[in-house]
Amino acid sequence: MPDLLTAEQLAERLRGAPEWSVDEGEIAREFTLATFMAAIEFVGGVAAIAEGLNHHPDIDIRYKRVRIAVSTHSAGGLTRLDFELAAQVDQLLAD
């Protein structure tokens, strides 16, 4: 199990992921896609990333808006795994 991030490590990681924010002990970001089907396809990509990392986020779909939220429940907070997943999710839209 990965170690919890210290406050300093968390601040550093957030500087590298400016679209993500801490919300109730997890990091979260909302994405707005062009259409509902684009949102569903995006969620499929997120699911594939999550399976590959064996680290699964909470996903909320509201028409073409998708909110991704993640924390490492087994560690009781935020770890490097959360930011690894966030970086890969961000890359989905960059590709």
Side-chain angles (χ1 to χ4, degrees):
M1 172 176 19
D3 294 329
L4 289 174
L5 297 174
T6 65
E8 295 82 19
Q9 291 169 325
L10 177 57
E12 180 181 329
R13 297 277 182 144
L14 284 169
R15 281 191 294 279
E19 293 88 6
W20 293 80
S21 60
V22 176
D23 184 20
E24 296 185 25
E26 57 193 12
I27 57 170
R29 180 176 175 193
E30 187 172 293
F31 299 84
T32 302
L33 289 295
T35 65
F36 176 73
M37 287 309 299
I40 295 300
E41 289 173 16
F42 173 70
V43 168
V46 172
I49 290 167
E51 283 296 300
L53 292 174
N54 192 30
H55 192 59
H56 303 91
D58 293 331
I59 301 171
D60 183 40
I61 305 166
R62 306 286 172 128
Y63 181 46
K64 57 184 183 177
R65 289 180 316 172
V66 178
R67 182 179 183 274
I68 306 293
V70 63
S71 70
T72 305
H73 300 291
S74 60
L78 294 168
T79 69
R80 66 172 174 74
L81 281 176
D82 304 308
F83 286 89
E84 287 178 25
L85 185 138
Q88 290 188 36
V89 168
D90 286 344
Q91 190 62 42
L92 275 178
L93 294 180
D95 291 342

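Nothing here was measured: the structure is a model prediction, and the numbers come from that model.
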Heavy-atom count around Asp60 CG within 6.0 Å, excluding the residue itself: above 12? yes
For residues Leu4 and Val70: do they belong to one hydrophobic cluster (side chain heavy atoms under 4.5 Å, members Ile, Leu, Val, Met, Phe, Trp, Tyr)? no
How long is the gap from CZ on Arg67 to CG on Asp58, to the nearest 0.5 Å? 8.0 Å
Nearest non-hydrogen partners of His55 and Ser71, listed with the distance: CE1-O, 3.7 Å
Using a strict cut-off of less than 4.0 Å between a Lys/Arg side-chain nitrogen and an Asp/Glu carboxylate oxygen, indicate whether Arg29 and Asp90 qualify as a salt bridge. yes
Can you tell me how far CD of Gln88 sits from CG of Leu53, rounded to the nearest 0.5 angstrom? 4.5 Å
Spacing of Arg13 atom CZ and Thr6 atom OG1 [to the nearest 0.5 Å]: 10.0 Å
Ile68 CD1 to Phe42 CZ distance, which is reported to the nearest 0.5 Å: 5.0 Å
Taking side chain as C-beta onward, heavy atoms only, is Ile40 less than 4.5 Å from Leu33? no
All heavy atoms of Pro2 vs all of Leu81, minimum pair found to be CG-CD1, 3.5 Å
Listed partners of Phe83 passing ring-ring contact (aromatic ring centres under 6.0 Å, His included), at least two apart: none
To check you understand the geometry: which heavy-atom pair defines the closest contact between Leu10 and Leu5, and what is its length? N-CB, 4.2 Å
So does Glu12 have more than 12 non-hydrogen atoms from other groups sitting under 6.0 Å from CD? no
What closest approach, in Å, do Leu92 and Val46 show between heavy atoms, and which atom pair accounts for it? CD1-N, 3.6 Å
Could you check whether any side-chain heavy atom of Glu51 comes within less than 4.5 Å of a side-chain heavy atom of His56, counting everything from C-beta outward? yes
Would you name the heavy atoms of Ala34 and Lys64 that are closest together and state the gap between them? O-CD, 3.5 Å
In the structure I gave you, are the side-chain heavy atoms of Trp20 and Asp82 within less than 4.5 Å of one another anywhere? no
So, taking the atom named CG in Asn54 and the one named CG in Leu85, what distance separates them when rounded to the nearest 0.5 Å? 11.0 Å
For Ala38 and Thr35, work out which heavy atoms get closest and say how close. N-OG1, 3.0 Å
For the CZ atom of Arg62 and the CZ atom of Phe36, what is their distance to the nearest 0.5 Å? 12.5 Å
